[in-house]
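These notes concern the structure reproduced below.
All residue numbers in this chain count up from 1 along the given sequence.
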Amino acid sequence: MARHLITSALPYINGIKHLGNMVGSMLPADVYSRYLRQRGHDVLYICATDEHGTPAELAAKEQGLPVDEFCAQAHDAQKAVYDGFALAFDYFGRSSSEQNVEITQHFARRLNENGFIEERAIRQVYSPTDGRFLPDRYVEGTCPHCGYDKARGDQCENCTRVLDPTDLINPRSAISGSTDLEVRETKHLFLLQSKLQHEVEEWVSRHEADWPQLASSIARKWLTEGLHDRAITRDLDWGVPVPSDTWPELAAEGKVFYVWFDAPIEYIGATKEWADLDPENRDWKSWWYEADDTVRYTEFMAKDNVPFHTVMFPATELGVREPWKKVDYVKAFNWLTYYGGKFSTSQKRGVFTDQALDILPADYWRYFLIANAPESDDSSFTWEHFTATVNKDLADTLGNFVNRVLSFSKKRFGEEVPAGGEPGEAEAKLGEEIARLLAEYETQMEALQFRKAAAALRALWSAGNSYLEEKAPWLEIKTDKDGAALTLRTAMNLIHLYAVVSEPFIPATAKAMREAFSLEADTATWVTADEARALTALTPGTPFTVPPVLFAKLTDEDLETYKERFGGSPE
């Protein structure tokens, strides 16, 4: 089987992420990783907190904590939420790790040796009030492109255009709010992306046909506009230090690398963090170095992160002139909106992941978010849509099927899978339908088409309900007890099949369904087409229990409570 390296965009350290962050990177990466593991592939799913740059310093300042202490606490808080969502990372690291410092400095030295880094004197915003140069995110103002009045000095959150602080209209310090700003000369390191333009274009051209249109179009747009040399150092107290053996003057001034230079390298750094926990059995380099023929690398991210991962980081890797693994497939997502408006961490608008888990268990959110993933365009979260999806798909289609099959069988046949008669035409028809739908589900999962995969999974659940309605064992038992037993035995085998194949989407529920049956050796990781047709994983006499209600239906009162707490519109 293939080896699959999977990464999702690194969540910023400055606060708990909202549902848009979850569905735009980490959750679909987890669903895909789980699916691949079940199919027998060797999978390594790596993520980490992105801890450097202005957001970390500003958030630490707001909380009155040293930045390293703030980052340690925030990392643990984020990891607890991701554990609550059952994200099965192989490792969740930190970009402030020693491993990332080591590899980032190595990349910088190699780029410098190869002529792709240049020291330049530039004019940068300085705040006399704060007594320091202001890195890009320490400057706020109005975007010159769209007029958004809360744009940052590195990128406009509204229109996603990359900016320099001097581009902003009416700039102000994010530290003090002072508009008394000056432009002074200072020295920084620049990555000469312009010298790598042709190589990046060739690399993108070899891959873009396989990527989603969203990812390839964003990469092509950046390349068409031309790659510009970008400053990769900043005046901050927190970050990967510029190595003194290569740039002693800048190191003495306390320069650190720009967060967007070191953050993608943390994918490699986090893999080394993982390997260093068990160096005798884990080889981090086999995943990243000279691995083009042995590893398939898939990245998951929202559209605002695409330029950095399809153009800027590949340029860095190409310029190092070493055989580091570059991404094979970029799964890019549009945005999940909140009633048509943007979720916003900075403005605390929308539902945040810790709040979501306070309201309902993770599987409710996992299923809804993936079934409505913003793949082809932006999608909108509304409480009305969420409630309707939970009630129709999870409570009625799946949960009710499991409960009524097991409850009715327990009542009429006891706590063991009944025997009944031999399968007939209805069971043969059902088996073919399940095999067909399972193949569709697999096809969409392999293609990373999550909404279509969710639709196929939903159709699998619906097929069980259609079979049950057709056979009607509550009527059948009155005239044909063996026939009713066969119907229920077949339906129980469907429940077991659902437990196996639903695990990537709803792992806790899948576990509860599987544990309802006391199989001595339930080692199934997936279901073959023949097994789907036969539906005989559970033999007569297998003990079972009726699990608690899998999904509670949400009421109109619940809906109103949620809307009152979070608002029924983005404003």
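Contact check for Pro323 versus Asp292: no side-chain heavy atoms found under the 4.5 Å cut-off. You'll find the side chain of Cys71 stays beyond 4.5 Å of the side chain of Thr49, heavy atoms only. Taking 4.5 Å as the limit, some side-chain heavy atom of Tyr339 sits within range of a side-chain heavy atom of Lys563. Here the side chains of Val306 and Leu214 are not in contact, with every heavy-atom distance at 4.5 Å or above. The shortest distance between side-chain heavy atoms of Tyr562 and Leu554 falls below 4.5 Å. A heavy-atom distance below 4.5 Å is found between the side chains of Pro128 and Asp180. Using a 4.5 Å heavy-atom cutoff, the side chains of Tyr32 and Phe450 are in contact. At least one side-chain heavy atom of Leu163 sits less than 4.5 Å from a side-chain heavy atom of Pro144.
When every heavy atom of Val200 is checked against every heavy atom of Thr310, the shortest pair comes out as CG1-O, 4.5 Å. Scanning all heavy atoms of the two residues, the minimum distance from Pro11 to Ala48 falls at CD-O, 3.0 Å. For the pair Pro243 and Arg109, the tightest heavy-atom approach, listed with the atom from each and the gap, is CB-NH2, 3.5 Å.
Side-chain N or O atoms of Arg132 include one that pairs as donor or acceptor with a backbone N or O of Asp235 at under 3.5 Å. The backbone N or O of Val320 sits less than 3.5 Å from a side-chain atom of Asn114, completing a donor-acceptor pair. Side chain of Asp90 to backbone of Ile46: no donor-acceptor contact under 3.5 angstrom is found. The main-chain N or O of Ala373 is found under 3.5 Å from a side-chain atom of Arg451 such that the two form a donor-acceptor pair. Between the side chain of Ser173 and the backbone N or O of Ser178 there is no donor-acceptor pair closer than 3.5 Å. With hydrogens and angles ignored, the 3.5 Å screen pairs no side-chain donor or acceptor of Thr233 with any backbone N or O of His188. Judged by distance alone, with hydrogens and angles left aside, the side-chain atoms of Glu299 form no donor-acceptor pair with the main-chain N or O of Val330 at under 3.5 Å. Judged by distance alone, with hydrogens and angles left aside, the side-chain atoms of Glu140 form no donor-acceptor pair with the main-chain N or O of Lys150 at under 3.5 Å. A donor-acceptor pair under 3.5 Å links the side-chain atoms of Lys255 to the main chain of Lys187, judged by distance alone. Remark: the backbone N or O of Gly15 is paired with a side-chain donor or acceptor of Gln78 at under 3.5 angstrom.
Rounding to the nearest 0.5 angstrom, the gap separating the CH2 atom in Trp260 from the CD1 atom in Ile265 is 12.0 Å.
Donor-acceptor pairing under 3.5 Å is lacking for the side chains of Tyr82 and Thr353. Of the N and O atoms on the side chains of Asn170 and Thr142, not one donor lies less than 3.5 Å from an acceptor on the other residue. Remark: the Glu202 side chain and the His198 side chain contain an N/O donor-acceptor pair separated by less than 3.5 Å. No side-chain donor from either of Thr555 and Glu557 sits under 3.5 Å from a side-chain acceptor of the other. Using a 3.5 Å distance cut-off with no hydrogens or angles, the side chains of Glu201 and Gln197 do pair a donor with an acceptor. Side-chain atoms of Asp229 and Ser194 form a donor-acceptor pair, as typed in the model, at a separation below 3.5 Å. A donor-acceptor contact closer than 3.5 angstrom is absent between the side chains of Asp30 and Ser33. No donor-acceptor contact under 3.5 angstrom links the side chains of Asn372 and Ser379, judged on distance only.
Ion pairing of Asp154 with Arg152 is present here, as a side-chain N (NZ or NE/NH1/NH2) and a carboxylate O approach within less than 4.0 Å. Taking 4.0 Å as the cut-off between side-chain N and carboxylate O, Lys325 and Glu317 do not count as a salt-bridged pair. With salt bridges taken as basic N to acidic carboxylate O contacts below 4.0 Å, one links Glu225 and Lys221.
Checked against the 6.0 Å centroid threshold, Trp335 and Phe333 do not count as a close aromatic pair.
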Pair Phe190-Ile122, side-chain contact (heavy atoms from CB on, under 4.5 Å): steps then yes or no: CA-CA 10 Å; Phe190 278 71; Ile122 66 168; 3.4 Å; yes

Worked verdict on Met26 versus Phe89 for side-chain contact (heavy atoms from CB on, under 4.5 Å): CA-CA 9 Å; Met26 291 174 283; Phe89 303 115; 4.2 Å; yes

Test log, rule ring-ring contact (aromatic ring centres under 6.0 Å, His included), inputs Trp383 and Phe381: CA-CA 7 Å; Trp383 287 109; Phe381 177 91; 5.0 Å; yes

side-chain contact (heavy atoms from CB on, under 4.5 Å) evaluation trace for Trp211 with Tyr329: CA-CA 6 Å; Trp211 295 347; Tyr329 191 86; 4.2 Å; yes

Step-by-step side-chain contact (heavy atoms from CB on, under 4.5 Å) determination, Lys303 to Thr160: CA-CA 9 Å; Lys303 59 186 175 184; Thr160 76; 5.9 Å; no

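His52 pairs in a ring-ring contact (aromatic ring centres under 6.0 Å, His included) with only one of the listed residues (Trp238, Tyr258, Phe257), which is Trp238. Each of Ile117, Leu189, Ile232 was compared with Leu111 under the side chain to side chain contact (heavy atoms under 4.5 Å, CB included) criterion, and only Ile117 meets it. Among the candidates Phe505, Phe85, Phe386, the single residue satisfying the ring-ring contact (aromatic ring centres under 6.0 Å, His included) test with Trp365 is Phe386.
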Distance-only criterion, 3.5 Å: show the donor-acceptor pairs between side-chain atoms of residues 267-275 and protein atoms not counting sequence neighbours.
unit_1: Tyr267; atom_1: OH; unit_2: His309; atom_2: NE2; d: 3.0
unit_1: Thr271; atom_1: OG1; unit_2: Tyr267; atom_2: O; d: 2.7
unit_1: Thr271; atom_1: OG1; unit_2: Trp288; atom_2: NE1; d: 2.9
unit_1: Lys272; atom_1: NZ; unit_2: Asp276; atom_2: OD2; d: 3.1
unit_1: Glu273; atom_1: OE1; unit_2: Tyr91; atom_2: OH; d: 3.3
unit_1: Glu273; atom_1: OE1; unit_2: Arg94; atom_2: N; d: 3.4
unit_1: Glu273; atom_1: OE2; unit_2: Ser97; atom_2: OG; d: 2.9

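Note: Phe133 and Tyr126 have perpendicular aromatic rings, judged against thresholds of 30 and 60 degrees for the angle between ring planes.
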